[in-house]
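Here the structure is laid out as structure tokens; the discussion comes afterwards.
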Amino acid sequence: MESNDKQQKLDSRYLRMARIWAENSYCQRRQVGALVVKDKMIISDGYNGTPSGFENVCEDDDNVTKPYVLHAEANAITKLARSNNNSDGATIYITASPCIECAKLIIQSGIRRVVYGEKYRLTDGIDLLKRAGIEVIYMEVKSEE
């Protein structure tokens, strides 16, 4: 079972890297990061934020997230559309569990594994991924400094 142990260590490292990538987010309420990995290579990355060309402010004056803010997973997956990579069979590492909208994107993009580090009160995204036969792994982000 050493390969399983090796995979767990890799999963843990990529999840920590996603956590660091989340620090690029300008969002005040919550910073989320995502990495798409295929054949041990990071092929895409994303963090939550406004669309390209918009001001880097995620919340309105009442501290409510603006409706056009993109989730980290959506940013990582749509970034793939502008690259020469494809996510067939890839793993996505996300610092928080995906919502149902992002779960739909994950399913349609051909990603086969989801590793996430923070549970959210709503589980509909996770439930949909499992229903689609995608391997879903919850893993607490451990800081190894």
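Model, not experiment: these values are computed from the prediction. Side chains are part of it too, since the values below use all heavy atoms of this structure and drop only hydrogens, waters and symmetry mates.
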Following the transitive rule for hydrophobic clusters with a side-chain heavy-atom cut-off under 4.5 Å over Ile, Leu, Val, Met, Phe, Trp and Tyr, establish whether [X] and [Y] coincide in one cluster.
{"X": "Ile100", "Y": "Tyr116", "result": "yes"}
{"X": "Leu105", "Y": "Val36", "result": "yes"}
{"X": "Tyr138", "Y": "Ile126", "result": "yes"}
{"X": "Tyr120", "Y": "Val32", "result": "no"}

Identify the heavy atoms of [X] and [Y] that sit nearest to each other, and give their distance.
{"X": "Arg30", "Y": "Ala96", "result": "NH2-CB, 3.8 Å"}
{"X": "Ala74", "Y": "Cys102", "result": "N-SG, 4.2 Å"}
{"X": "Trp21", "Y": "Gly46", "result": "CD1-O, 3.4 Å"}
{"X": "Gly33", "Y": "Ala22", "result": "N-CB, 3.3 Å"}
{"X": "Leu80", "Y": "Ser87", "result": "CD1-CB, 3.5 Å"}
{"X": "Leu15", "Y": "Tyr93", "result": "N-CD2, 4.1 Å"}

Spacing of [atom1] belonging to [X] relative to [atom2] belonging to [Y], to within rounding of 0.5 Å:
{"X": "Glu73", "Y": "Ile92", "atom1": "CD", "atom2": "CD1", "value": "6.0 Å"}
{"X": "Ile20", "Y": "Asp45", "atom1": "CD1", "atom2": "CG", "value": "13.0 Å"}
{"X": "Leu35", "Y": "Arg13", "atom1": "CG", "atom2": "CZ", "value": "14.5 Å"}
{"X": "Glu55", "Y": "Tyr26", "atom1": "CD", "atom2": "OH", "value": "12.0 Å"}
{"X": "Glu101", "Y": "Asp124", "atom1": "CD", "atom2": "CG", "value": "9.0 Å"}
{"X": "Ile134", "Y": "Ile106", "atom1": "CD1", "atom2": "CD1", "value": "7.0 Å"}

Under 3.5 Å side-chain donor-acceptor pair for Asn75 and Tyr47: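 No pair is found: no donor N or O on one side chain lies under 3.5 Å from an acceptor on the other.
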Check: Gln7/Asp11 side-chain N/O donor and acceptor closer than 3.5 Å: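 Asp11 and Gln7 do have a side-chain donor-acceptor pair below 3.5 Å.
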Is it the case that more than 12 heavy atoms not belonging to Asp39 sit under 6.0 Å from its CG atom?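 Counting other residues, nucleotides and ligands, CG of Asp39 stays at 12 neighbours or fewer.
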Within 6.0 Å of CD in Gln108, more than 12 heavy atoms from elsewhere: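 Count not over threshold, so no.
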Expected output: side-chain [X] to main-chain [Y] donor-acceptor under 3.5 Å:
{"X": "Gln28", "Y": "Glu59", "result": "no"}
{"X": "Asp60", "Y": "Asp62", "result": "yes"}
{"X": "Ser44", "Y": "Ile77", "result": "no"}

Under the side chain to side chain donor-acceptor pair (under 3.5 Å) test against Lys38, which residue among Asn85, Asn86, Thr91 passes?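 The passing option is Asn86.
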Disulfide bond (SG atoms under 2.5 Å apart) involving Cys27 - partner list, sequence neighbours excluded: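 Cys58.
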Can you tell if the side chain of Tyr14 reaches within under 4.5 Å of the side chain of Ile42, non-hydrogen atoms only?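 Result yes, sub-4.5 Å side-chain heavy-atom pair found.
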Any side-chain heavy-atom pair from Glu135 and Val114 closer than 4.5 angstrom?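 Side-chain contact under 4.5 Å: no.
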